[in-house]
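In what follows, a single structure is set out as structure tokens and then discussed.
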Amino acid sequence: MRAGFLLLGILFGFLLSRAGATHYDYYAQLFLLENFQLLWIISSAVLVGIVGNQILKKVNATSVWTHEKLTFSTKPIKKGLLVGSLLFGIGWGLAGSCPGTAPAMLGEGKLLALFVIFGIGIGTYIYGFAAVMRANQ
Amino acid sequence: MMTEEAIWVGWVGGLAIGLFALLQHTLSNKQLGCSLAYGNFCGLASKLDYFHQDEYKSLFNWRFWFIVGIPLGGFLSVITSPNGQWEVSLLMGETYERVMPDNDFFKILIVSFGGILMGIGARMSGGCTSGHVIVGCSLLNPASLIAGGLFFAGGLLVVQLLFFLFAGS
């Protein structure tokens, strides 16, 4: 299973790179409304997903590796959804990359992505630390 | 740097990534998502309870191996590209370089800060571009549709502001 997920990660990184989702400039150009490469990637991926998920649900698909019926879990509306999403978006625009594409960019030799990755780790830690502090109050 | 590599037309790349998310789900019954994996590394680096319970009971779970694979995929993509040459670079590209400081140290600070905001924001909202947008929006999940819209709004806000203030300086 480890090897399976490692291979999936390799494939995902490869596809992100070939799609051009690993170009910092496509992020800035999207938010300047100058070039919609990223929007095309995202919207066609979502469209394929909408159709695919309907089909997988209809045929009661089971997992190839685990043989259990596929579960379609959806994320809840968390209290921090609005603020958190905006913060994420601001970071997205500043870093020209995201948690999935930054590692792929690092593999391509784009060294700034390494600092994005460290940043995401630090941000994740700050959230966890704040959660513990709140729980102890 | 990477000007010569093969890049697919946007919708073709999106088609491939959309199919990939379905493939991963069908194979493993695990839905695509990247941001939670960063907490695995927090758990490896610290004893904080938060990173050793719930999602993080096992730090070497599927998310760990998945995110370790991603850089290898990026590397493979460059070296198998017709004219691609693997090079290490601190450049961001023509558009960002118009507003980013020339000083590498300050540039590193800015993108690190961007990363910190994404780390906090992803945990507050419950996901990132992969989990909320690619997977969540394709399930038409309300939280993910809101998150996706606000991700975009935040990016628009900061990039428009950056270029308003610093472009041409």
Side-chain angles (χ1 to χ4, degrees), chain A residues 2 5-6 8-10 13-15 17 19-20 24-25 28 31 37 40-41 44-46 48-50 52 63-65 74-75 77-78 80-81 84-95 98-100 103-104 106-109 111-112 115-116 119-125 127-128 132, chain B residues 7 10-11 13-14 16-18 22 24 27-29 34-35 38-39 42 50 62 65-66 69-75 77-78 86-88 90 92-93 95-96 108 111-112 114-121 123-126 128-130 134 137-138 141 143 147 150-151 154-156 158-159:
Chain A
R2 273 180 193 184
F5 284 111
L6 189 69
L8 282 173
I10 292 173
F14 181 87
L15 294 177
S17 172
Y24 302 106
D25 269 359
F31 298 127
Q37 173 83 3
W40 274 108
I41 296 172
S44 54
V46 169
V48 169
I50 291 175
S63 158
V64 176
W65 291 350
T74 49
K75 298 174 189 294
I77 295 187
K78 296 180 75 174
L81 178 66
S85 301
L86 266 178
L87 287 180
F88 183 91
I90 293 170
W92 204 22
L94 281 179
C98 64
L106 179 63
E108 290 179 347
L111 205 54
L112 277 181
F115 299 97
V116 178
I120 300 169
I122 293 169
T124 305
Y125 187 84
Y127 178 87
V132 171
Chain B
I7 293 185
W11 69 267
I17 290 167
L22 294 168
Q24 170 172 334
L27 285 177
S28 64
N29 201 22
C34 293
S35 65
Y38 288 79
C42 293
Y50 182 87
W62 76 268
W65 298 104
F66 182 75
I70 295 177
L72 301 174
F75 175 72
S77 166
V78 171
W86 195 83
E87 276 172 20
V88 173
L90 271 174
M92 287 187 90
T95 310
Y96 269 111
I108 287 171
V111 299
S112 305
I116 291 174
L117 292 182
M118 283 195 283
I120 298 174
R123 292 283 56 76
M124 283 178 73
S125 66
C128 65
T129 329
S130 49
I134 292 177
C137 289
S138 72
N141 176 35
L150 289 175
F151 288 175
L156 203 71
V158 75
V159 170

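Owing to the predicted nature of the structure, the values given are computational and were not obtained by experimental measurement. Hydrogens, waters and symmetry mates are skipped; everything else that's a heavy atom, side chains included, is used. Naming convention: chains lettered A, B, ... in sequence-line order (proteins, then strands); numbering from 1 in each chain.
- Taking the six-membered ring where the residue is Trp, the centroids of A/Phe5 and B/Trp62 are separated by under 6.0 Å.
- Interface summary for chain A: among B/Thr129, B/Thr95, B/Ile134, B/Val88, the most heavy-atom pairs under 4.5 angstrom belong to B/Thr95.
- Panel note: side chain A/Thr124, backbone A/Ile120; a donor-acceptor pair is recorded below 3.5 Å.
- Each of A/Val132, A/Leu94, A/Leu106 has some count of heavy-atom pairs under 4.5 Å with chain B, and the biggest count is that of A/Leu94.
- Residue A/Trp40 places its CH2 atom among 12 or fewer non-hydrogen atoms of other residues, nucleotides or ligands, all under 6.0 Å distant.
- Annotation: maximal heavy-atom pairing with chain B below 4.5 Å, among A/Val48, A/Ile10, A/Leu86, occurs at A/Ile10.
- Heavy atoms of B/Val111 lying under 4.5 Å from chain A belong to its backbone as well as its side chain.
- In plain terms, the two heavy atoms of B/Leu90 and A/Leu112 that are nearest each other are O-CD1, 3.3 Å.
- Both the backbone and the side chain of A/Val116 come within less than 4.5 Å of a heavy atom of chain B.
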Inset, instruction - Let me see the working for A/Lys75 and A/Leu81 under side-chain contact (heavy atoms from CB on, under 4.5 Å), right down to the final yes or no. - result: CA-CA 11 Å; A/Lys75 298 174 189 294; A/Leu81 178 66; over 6 Å; no

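- Checking side-chain atoms of B/Tyr38 against main-chain N and O of A/Pro99 turns up a donor-acceptor pair under 3.5 Å.
- For B/Gln24 (side chain) and A/Gly9 (main-chain N/O), no donor-acceptor pair under 3.5 Å exists by modelled atom type.
- Chain A forms the most heavy-atom pairs under 4.5 Å with one residue out of B/Ser130, B/Cys34, B/Gly155, and that residue is B/Gly155.
- Comparing B/Ser35, B/Gly39, B/Ser28, B/Gly13 by heavy-atom pairs within less than 4.5 Å of chain A, the highest count is held by B/Ser28.
- A/Lys78 contributes a side-chain N or O that, together with a main-chain N or O of B/Arg123, makes up a donor-acceptor pair within less than 3.5 Å.
- In this structure, B/Met124 CE and A/Tyr127 OH are separated by 7.5 Å, a value rounded to the nearest 0.5 Å.
- When each of A/Asp25, A/Ile90, A/Ile50, A/Leu111 is scored by its heavy-atom pairs under 4.5 Å with chain B, the top score falls to A/Asp25.
- In terms of heavy-atom pairs under 4.5 angstrom with chain B, the leader among A/Gly121, A/Gly49, A/Gly123, A/Cys98 is A/Gly123.
- Among the candidates A/Gly128, A/Gly20, A/Ala95, the residue making the largest number of heavy-atom pairs closer than 4.5 Å to chain B is A/Gly128.
- Contacts with chain A were tallied for B/Cys137, B/Gly18, B/Ser125; B/Ser125 has the most, counting heavy-atom pairs under 4.5 Å.
- The candidate with the highest count of non-hydrogen atom pairs below 4.5 Å against chain A, out of B/Gly126, B/Gly121, B/Ser138, B/Ala143, is B/Ser138.
- Between chain B and the options A/Ser85, A/Gly119, A/Gly80, A/Ala45, the largest number of non-hydrogen pairs under 4.5 Å is found for A/Ser85.
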